[in-house]
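As the structure lists them, so they are numbered: ligands from 1, and atoms in each ligand from 1. Since we're looking at a predicted model, the values are computed, not measured.
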Amino acid sequence: MSTASAAPIRLDGVNKVYPDGTVAVADLSMNIAAGDLVALVGPSGCGKSTVLRMINRLIQPTGGSITIGDEDVATADPVALRRRIGYVIQDVGLFPHQTVAANVATVPGLLGWSRQRTNERVEELLDLVGLDVAVHGKRYPHQLSGGQRQRVGVARALAADPVVLLMDEPFSAVDPIARGRLQEEFLRLQADVGKTIVFVTHDVDEAIRLGDKIAVLSHEAKLEQYGTPAEILASPQTTFVGEFVGADRGVKRLSVTEVPTSGLRDLPAGDHPRVDHDASLRTALSELLDGDTGLVAVRDTDGEVAGGMSADDIYTALHRADEAAVSDNPQ
Ligand SMILES: Nc1ncnc2c1ncn2[C@@H]1O[C@H](COP(=O)(O)OP(=O)(O)OP(=O)(O)O)[C@@H](O)[C@H]1O
């Protein structure tokens, strides 16, 4: 599909004090690379939503600057700005009296697109998020499941091909099974559209699963650590981060580390469970435990078995990956 190029986002000394004196964001600086999916995580009330809403100027910062590409958000026309930024919130905010197709067509309508161009775009987007325009396009939001509504929200946010997508707890209102599926689909979608995405969640597992990078925030949006999931899990920089990512850090690290494709051991004959070259160590360990040979075979990119791993090999691979993550990111 055609995509506008994604834009980087830069926050420089951003501050937000609400009129009642509440300091929501004290002094936040961070750079988000074009095309990255960055998860903002932190406890309730730490300022995540405020940060997000300052990026599309729904909230005016009291200090500092935010730029999207070359554009200073403070001086941009807010309406034009918001049309270039997709925004998805928890309960989606679909218009209840408009059909799904009309909801997705909102921004193209505002931009004055022709009916034909709009219809094509609606069909393309509904297809992209796994909905059938013939079946779902003419339904109203209340005739959809929570997960389907969420997909429509994402389709609507992508309609005008925004350079940035902001998402505030987009999947938290759906049940855990639908949520897992939505997360999977969302990752596939992001691989397709390659937007710069800032994603607010209070769920560390979701951040680890979806984020290219994670920004861990504490009170007043203090940036405790900003790095890849592997870096943060391998070496939390502060006690706060260590506690926030949780005691089962080791298991989480297994999930974000892929099996090695070299240095694998020769496999004796036997009915070994198999995993693909891009499987996580967690999947490999789970398969190994389900099998009865004590080994798991790893396939290469051609689908041929490249070698095997024992539980000890998985442990060693995890520690090697941790060392690499830490030395890539000395901070
Ligand atoms: N309009 C407002 N006026 C005064 N204080 C506000 C306002 N909006 C938010 N706050 C306060 O600012 C702080 C940050 O709120 P924010 O909604 O950004 O946090 P959050 O991390 O997104 O929280 P949650 O995870 O619970 O949604 C909180 O202390 C909140 O009470």
Side-chain angles (χ1 to χ4, degrees), residues 9-32 36-68 73-74 78 81-82 85-94 146 149-150 153-154 157 164-176 179 182-183 186 196-211 213-227 229 232 236-246 252:
I9 305 172
R10 186 186 175 93
L11 287 86
D12 205 1
V14 173
N15 162 280
K16 176 66 191 178
V17 183
Y18 282 107
D20 68 356
T22 305
V23 179
V25 177
D27 176 16
L28 178 64
S29 298
M30 62 187 287
N31 288 328
I32 298 173
D36 259 6
L37 197 168
V38 170
L40 302 181
V41 283
S44 180
C46 73
K48 304 179 292 294
S49 300
T50 302
V51 171
L52 203 69
R53 291 158 70 91
M54 288 194 289
I55 297 175
N56 64 0
R57 229 178 122 180
L58 283 173
I59 294 177
Q60 198 77 30
T62 36
S65 76
I66 301 176
T67 49
I68 297 179
V73 168
L81 181 79
R82 270 172 236 141
I85 301 179
Y87 183 47
V88 184
I89 52 177
Q90 186 179 326
D91 52 10
V92 194
L94 296 179
R149 274 199 293 275
Q150 226 43 55
V154 173
V164 164
L165 193 57
L166 305 177
M167 308 180 84
D168 199 342
E169 305 246 9
F171 307 138
S172 61
V174 286
D175 68 74
R179 188 172 186 177
L182 274 173
Q183 289 170 340
F186 181 64
T196 309
I197 302 181
V198 190
F199 188 105
V200 163
T201 177
H202 59 257
D203 178 351
V204 179
D205 292 314
E206 184 165 79
I208 290 169
R209 188 154 182 207
L210 298 181
K213 283 180 132 187
I214 298 178
V216 184
L217 303 176
S218 61
H219 185 57
E220 298 181 351
K222 173 165 186 264
L223 187 59
E224 295 276 345
Q225 193 168 353
Y226 183 37
I232 287 182
Q237 298 291 303
T238 65
T239 314
F240 178 90
V241 176
E243 283 171 3
F244 198 75
V245 295
K252 289 180 177 138

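Inspection of the Asp203 and Thr201 side chains reveals no N or O donor paired with an N or O acceptor under 3.5 Å. For the residue pair Asn15/Thr62, the side-chain donor-acceptor check at 3.5 Å is satisfied.
In this structure, atom 5 (N) of ligand 1 lies nearest to the protein heavy atom Tyr18 CD1, 3.4 Å. Atom 14 (C) of ligand 1 has Gly45 O, 3.4 Å as its closest protein atom, hydrogens excluded (heavy atom only). Looking only at heavy atoms of the protein, atom 26 (O) of ligand 1 is closest to Ser44 OG, 2.6 Å. For atom 17 (O) of ligand 1, the closest non-hydrogen atom on the protein side is Ser49 CB, 3.9 Å. In terms of protein heavy atoms, atom 16 (P) of ligand 1 is closest to Thr50 OG1, 3.6 Å. With respect to atom 30 (C) of ligand 1, the closest heavy atom belonging to the protein is Thr22 CG2, 4.7 Å. In terms of protein heavy atoms, atom 25 (O) of ligand 1 is closest to Lys48 NZ, 2.8 Å. Of all protein heavy atoms, the one closest to atom 19 (O) of ligand 1 is Gly47 N, 3.2 Å.
Within the structure, the closest approach of Gly42 to ligand 1 does not fall below 4.0 Å when heavy atoms are considered.
The ligand atoms of ligand 1 that sit less than 4.0 angstrom from a heavy atom of Ala24 are 12 (O), 13 (C), 14 (C).
The closest donor-acceptor contact from the side chain of Asp20 to the backbone of Thr22 lies under 3.5 Å. Panel note: side chain Lys48, backbone Gly42; a donor-acceptor pair is recorded below 3.5 Å. Counting only distance, with no hydrogens or angles, the side chain of Lys252 and the backbone of Val245 share a donor-acceptor pair below 3.5 Å. At least one donor-acceptor pair closer than 3.5 Å links the side chain of Arg82 to the backbone N or O of Arg57. At distances below 3.5 Å, not a single donor-acceptor pair connects side-chain atoms of Tyr87 with backbone N or O atoms of Leu52.
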